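Here's the structure we're looking at; comments come further down.
All of these numbers come straight from a predicted model, not from anything done at the bench.
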Amino acid sequence: MQTSTIKNHPLLFFGWLIFIRITGLVLLQNVQLYFWDRDFLNYLQRFITPDRTSFFKGVALFGSPMITVGLAIIASVFLWQRKMLEEALTTLVVVVTGNAGGLIIKQLTERPRPTTMLTHDSGYSFPSGHVVSAVILLLIVFQFILPLISSVRLRMFFSMMLVFWVALICLSRLYLQVHYPTDVIGAALYGLLWWESAMAVLHHQQFNTQKVIQHNRGQSS
């Protein structure tokens with residue numbers, strides 16, 4: 001991402017500072033943060049039942065990065081076939097780099113998963129890979145796919161369903177005790193910031209391209 005472009009968007013720049021702060025607290029194993037995370041998971045344990053556990057295991061399965069990244073690639077191919085080449089390429093690049101960035105952060109923080117997991121999950125805890133990929137997919141659909149639907153009601157319906165689906169994925173990571181709350185919050189924030197940063201860079205490049213085209217036209221005339 002281009003630093004100068006991001007600095008031109010104060011909210012985006014501030015969002016990255018918040019994410020870096022959360023990551024720093026996780027990396028330094030902040031005691032207050034750990035106890036807050038632990039207390040929240042302990043509170044959720046009172047709602048655990050066999051039926052709910054089976055349900056959220058299903059949600060986690062269909063919301064796995066393998067599924068969401070696969071759907072994003074399908075979306076990229078769909079956009080390519082509609083001759084929306086810039087959107088297709090942006091989708092592919094953001095999905096690959098965003099998820100790769102999440103994995104790198106996991107390796108840097110090396111945060112162990114909660115010891116109360118209801119289902120086996122490997123790898124480190126921060127940030128949640130499920131949430132990162134789901135949020136990025138959600139934003140791809142919002143930005144590039146939903147505007148292609150002419151019906152306002154259908155757009156509203158699919159928008160609400162997508163938000164509900166991502167919310168369920170977030171909740172499943174907490175209910176199944178495979179992530180701490182800050183893993184989920186950090187992942188959602190990271191996914192949002194990565195996408196918005198990519199859009200800021202894209203719009204900056206488009207603006208520069210338009211300026212070059214207008215300049216060339218002015219010289220030729």
Side-chain angles (χ1 to χ4, degrees), residues 1-41 43-44 63 65 68-69 72 87 89-114 123-144 159 162-163 165-167 169-174 178-208:
M1 300 299 171
Q2 297 181 9
T3 307
S4 60
T5 303
I6 294 174
K7 283 184 177 179
N8 291 332
H9 296 75
L11 290 178
L12 191 56
F13 185 67
F14 184 63
W16 277 115
L17 289 179
I18 294 175
F19 176 74
I20 292 170
R21 173 63 174 168
I22 295 172
T23 304
L25 291 174
V26 170
L27 186 61
L28 296 173
Q29 300 180 359
N30 181 268
V31 175
Q32 290 181 324
L33 184 68
Y34 171 77
F35 281 121
W36 180 80
D37 278 334
R38 184 70 267 166
D39 288 345
F40 190 88
L41 291 185
Y43 174 77
L44 286 182
T68 49
V69 170
E87 291 83 353
L89 184 60
T90 299
T91 295
L92 194 59
V93 170
V94 174
V95 166
V96 172
T97 57
N99 282 277
L103 290 174
I104 291 171
I105 295 170
K106 278 180 179 285
Q107 298 303 315
L108 290 175
T109 55
E110 295 185 341
R111 188 184 205 187
R113 291 183 183 271
Y124 294 116
S125 192
F126 181 89
S128 167
H130 278 67
V131 176
V132 168
S133 57
V135 168
I136 291 176
L137 177 62
L138 171 73
L139 295 170
I140 288 169
V141 175
F142 272 23
Q143 184 79 23
F144 296 145
S159 297
L162 281 167
V163 171
W165 174 67
V166 172
I169 292 174
C170 293
L171 183 57
S172 75
R173 310 317 287 156
L174 298 173
V178 292
H179 282 291
Y180 295 106
T182 44
D183 299 336
V184 173
I185 294 170
L189 182 59
Y190 167 78
L192 173 63
L193 290 170
W194 192 261
W195 175 258
E196 290 299 326
S197 297
M199 290 299 98
V201 171
L202 177 63
H203 294 154
H204 181 71
Q205 295 293 350
Q206 289 174 336
F207 177 74
N208 286 342

Minimum heavy-atom separation for [X] and [Y], please, with both atom names.
| X | Y | result |
| --- | --- | --- |
| S128 | A187 | O-CB, 3.3 Å |
| V94 | A198 | CG2-CB, 3.5 Å |
| G102 | P127 | O-CD, 3.7 Å |
| R38 | P114 | NH1-CB, 4.1 Å |
| G129 | N99 | O-OD1, 4.5 Å |

By side-chain contact (heavy atoms from CB on, under 4.5 Å) - contacts of [X] (at least two apart):
| X | answer |
| --- | --- |
| Y43 | R46, F47 |
| V96 | none |
| L174 | F40, L41, L44, P181, V184 |
| A72 | V95, L137, I140 |

Residue set satisfying ring pair (Phe, Tyr, Trp, His ring centres under 6.0 Å) with Y124, at least two apart, ordered chain then number -> none
So, [X] side chain and [Y] main chain: donor-acceptor pair closer than 3.5 Å or not?
| X | Y | result |
| --- | --- | --- |
| R173 | V131 | no |
| R113 | V178 | yes |
| S133 | T68 | no |

- prompt: For L11, does the CG atom have more than 12 heavy-atom neighbours from other residues, nucleotides or ligands under 6.0 Å away?
  reply: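 12 or below, so no.
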Flag the pair [X] / [Y] as yes when at least one side-chain heavy-atom distance between them is below 4.5 Å, and no otherwise.
| X | Y | value |
| --- | --- | --- |
| V166 | L162 | no |
| Y34 | Y180 | yes |
| W16 | Y190 | yes |

- So, W194 and T97: side-chain donor and acceptor under 3.5 Å apart, yes or no? yes
Can you tell me which residue pairs pass the salt bridge (charged side-chain N to carboxylate O under 4.0 Å, His left out) test with a partner in residues 89-112, sequence neighbours excluded?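 Qualifying pairs: D37-R111, R111-D183.
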Enter the distance from [X]:[atom1] to [Y]:[atom2] here, rounded to the nearest 0.5 Å.
| X | Y | atom1 | atom2 | value |
| --- | --- | --- | --- | --- |
| C170 | H130 | SG | NE2 | 11.0 Å |
| E196 | L139 | CD | CG | 6.5 Å |
| T109 | F126 | OG1 | CZ | 6.5 Å |

Residues 20-33, side-chain donor-acceptor partners within the protein, below 3.5 Å, at least two apart:
{"unit_1": "T23", "atom_1": "OG1", "unit_2": "F19", "atom_2": "O", "d": "2.9"}
{"unit_1": "N30", "atom_1": "OD1", "unit_2": "Q32", "atom_2": "N", "d": "3.2"}
{"unit_1": "N30", "atom_1": "OD1", "unit_2": "L33", "atom_2": "N", "d": "2.8"}

